[in-house]
Number of protein chains: 2
Amino acid sequence: MQNKNTSQAALKLWKQALCELVGRQGPDLSSRQMAIMLTVYLEQPPHTVRGLAAQLQISKPAVTRALDTLSKMELLKRKPDEADRRSINVIRTVKGSVYLSEIADIIEQAAWKNLT
Amino acid sequence: MQNKNTSQAALKLWKQALCELVGRQGPDLSSRQMAIMLTVYLEQPPHTVRGLAAQLQISKPAVTRALDTLSKMELLKRKPDEADRRSINVIRTVKGSVYLSEIADIIEQAAWKNLT
DNA sequence: TTGCCTTATTTCGCAACCGTAACGGTGATG
DNA sequence: CATCACCGTTACGGTTGCGAAATAAGGCAA
């Protein structure tokens, strides 16, 4: 077990960011949906359904459903792969980029509060 | 908008911790449930249904349902208030403490990865 | 005691999500 | 061509969550 104060600070950071997210209006994403968003926007493309399912250790239908929801919100988009037409690529949108930058701000603010 | 590298680091921290949580078996808590857990364990007691609802800006029945789920998992417990028997206090459990310390470890490890 | 306020819970109808399994379309191999 | 493997989606049955409204029970004051 690690230093207690460090653990406490880590949890407080998480709590403040999370509470802000819970309390705000707008898209209320589940953990899985958020994890998919972050993977698509932070990792190198291409992102396929199968790849996302493997990386997050969830089932493929779960990924499909999450993509349905997220693309309805215009936070990301499906783009059929021209080379292998069985596959689709999941790509970013402007709206998604804006959304994630807001999340980043919230986390940064929470971090600032916990370091001072 | 703040420094781009800082934002990116904040999101990567969030992503790594979240992906670890999503990928693990065991309790799969929603954002609200997690927010309640963190509030109960990090803020000063007492914690009532009304108080939690106000603090997280969600409805009282939503809190009641979250407490049902969380107490079934033994991550926290209801304890009727002796003084005012309309109220209940939400209190901690050993299992909940252990669970949160695991979360803390995950966040710390993610933070370590992003600082090196 | 009566009436009213507060607290938490339950009920209702509805929507979202889950995993398993089956399905249709595409590529690859003979 | 025929077959087989692969990819994403859909169908299905079940679980869980939601908000609004109604309910149950305790406190409080006239």
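The analysis underlying the following values was restricted to heavy atoms, covering all of them including side chains, and did not include hydrogens, waters or symmetry mates. Letters go in sequence order (proteins before strands), and every chain restarts at 1.
A heavy atom lying under 4.0 Å from DNA chain C marks none of the residues of residues 41-48 of chain A.
Taken to the nearest 0.5 Å, the OG1 atom of A/Thr39 stands 4.5 Å off from the CG atom of A/Leu56. Note: A/Leu18 CG to B/Ile36 CD1 = 10.5 Å, rounded to the nearest 0.5 Å.
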Pull out every protein N or O sitting under 3.5 Å from an N or O of nucleotides 17-20 of chain C, one pair per line with the distance.
from: C/dC17; atom 1: OP1; to: A/Gln33; atom 2: NE2; distance (Å): 2.5
from: C/dC17; atom 1: OP2; to: A/Thr69; atom 2: OG1; distance (Å): 3.1
from: C/dC18; atom 1: OP1; to: A/Arg32; atom 2: NH1; distance (Å): 2.8
from: C/dC18; atom 1: OP2; to: A/Arg65; atom 2: NE; distance (Å): 3.4
from: C/dC18; atom 1: O5'; to: A/Arg32; atom 2: NH1; distance (Å): 3.4
from: C/dG19; atom 1: OP1; to: A/Arg32; atom 2: NH2; distance (Å): 3.2
from: C/dG19; atom 1: OP2; to: A/Arg32; atom 2: NH1; distance (Å): 3.4
from: C/dG19; atom 1: OP2; to: A/Ser59; atom 2: OG; distance (Å): 3.0
from: C/dG19; atom 1: N7; to: A/Arg65; atom 2: NH2; distance (Å): 3.1
from: C/dG19; atom 1: O6; to: A/Arg65; atom 2: NH1; distance (Å): 3.1

What pairs of nitrogen or oxygen atoms, one from the protein and one from nucleotides 23-30 of chain C, lie under 3.5 Å apart?
from: C/dG27; atom 1: OP1; to: A/Arg85; atom 2: N; distance (Å): 3.4

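An OP1 or OP2 oxygen of C/dA8 is reached within less than 4.0 angstrom by no side-chain nitrogen or oxygen of B/Thr64.
Using a 4.5 Å heavy-atom threshold, the side chains of B/Ile91 and B/Pro45 count as separate. A heavy-atom distance below 4.5 Å is found between the side chains of B/Asn89 and B/Thr48. Within the 4.5 Å cutoff, side-chain heavy atoms of A/Leu42 are placed close to those of B/Gln8. Here the side chains of B/Asp81 and B/Ile88 are not in contact, with every heavy-atom distance at 4.5 Å or above. The side-chain heavy atoms of A/Leu70 and A/Leu29, taken from C-beta on, include a pair separated by under 4.5 Å. Between B/Ile106 and B/Glu102 the shortest side-chain heavy-atom distance does not fall below 4.5 Å.
When atom types are taken as modelled, the side chain of A/Thr93 and the backbone of A/Glu74 share a donor-acceptor pair closer than 3.5 angstrom. Listed for the B/Arg32 side chain is no donor-acceptor partner under 3.5 Å among the backbone atoms of A/Val22.
Once you apply a 4.0 Å limit to the heavy atoms of chain A, the touched nucleotides of DNA chain D run 5' to 3' over D/dC6 to D/dT10.
To the nearest angstrom, C1' of C/dA8 lies 12 Å from CG of B/Asn89.
Every side chain to side chain donor-acceptor pair (under 3.5 Å) that A/Arg78 has, sequence neighbours left out, goes to A/Asp68.
Exactly one residue among B/Glu108, B/Met37, B/Met34 makes a side-chain contact (heavy atoms from CB on, under 4.5 Å) with B/Ile103. That residue is B/Met34.
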Compile the donor-acceptor pairs under 3.5 Å between side chains in residues 58-65 of chain B and protein atoms, sequence neighbours left out, one pair per line.
from: B/Ser59; atom 1: OG; to: B/Ala62; atom 2: N; distance (Å): 3.4
from: B/Thr64; atom 1: OG1; to: B/Lys60; atom 2: O; distance (Å): 3.4

